[in-house]
Amino acid sequence: MRILLVEDDSMIGASVQTALQREGFAVDWVRDGIAADTALTGHAFDLVLLDLGLPRQEGGTVLARLRARRDTTPVLILSARDTVADRIKGLNTGADDYLVKPFDLDELIARIHALLRRQAGRADPVIRLGHIAIDPIAKTTLLDSEPVTLSAREFALLMALADHPGAVLSVAQLQEKIYGWDDEVGSNTVEVYIHSLRKKLGTGLIRNVRGVGYVIPKELSE
Ligand code: CA
């Protein structure tokens, strides 16, 4: 899952980025409102963490512009502006949640997981696909109730597909979901991880759609 962090405070930005990377998210960090616009028009993110007081362009404007483009990416506002009026305004501009600074990193992570679940249309925190159960919070995967050990990248790739069964994702889209801008990306790495996931979880889970990409069949989620 790929998150855009929009924050001009270096200390807060660095601590949030580190905490989320440790959680297995790919995190891209921009420090002003114009850079946020550019990132959001050029890339697909699973979620945006948005500060309001930003150089060059206010966070509220970034959010209004995002929604005007009919972009439904979940947005969680992180702001020191803590009045009820500020929070109402943020939510009414199209934010999905609002966390007042200073905040607890564990609460931030829990809210991120809740927003990602809602975006995927799930209420159950565990993703169940046929014989496989994936827990995005505990980062565990069970095959027929037996734990399967996955690397962080394998898990990230599995999550990218498991979050939207039936949606075919291209190799480029999968790469975007598991790597941030600063990560080194080797060639064929997505294919290598898919091969390994199939070996560990069975070949029926991830299907190749020739010339298009990869998909977890929708019927496995039903
Ligand atoms: Ca700020």
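Just the heavy atoms: all of them, side chains too, but no hydrogens, waters or symmetry mates, feed the values below. As the structure lists them, so they are numbered: ligands from 1, and atoms in each ligand from 1.
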**Study point:** For the Ca ion (ligand 1), every protein N/O/S atom that sits closer than 3.0 Å, waters excluded
**Key:**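 Less than 3.0 Å away from the Ca ion (ligand 1) sit Asp8 OD1, Asp51 OD2, Gly53 O.
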**Study point:** Main-chain N/O of Ser79 paired with Asp51 side-chain donor or acceptor, under 3.5 Å
**Key:**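 Looks like no, no N/O pair under 3.5 Å.
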**Study point:** Donor-acceptor contact present, side-chain Trp29 to main-chain Gly13, <3.5 Å
**Key:**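 No.
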Taking the basic N atoms (NZ, or NE/NH1/NH2) and the acidic carboxylate oxygens, is any pair closer than 4.0 Å for [X] and [Y]?
| X | Y | value |
| --- | --- | --- |
| Asp46 | Arg2 | no |
| Lys200 | Glu146 | no |
| Lys199 | Glu154 | no |

Practice item. For a side-chain contact (heavy atoms from CB on, under 4.5 Å) with Ile3, tell me which candidate from Thr73, Leu116, Val48, Ile112 qualifies. Key: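 Among the candidates, only Ile112 passes.
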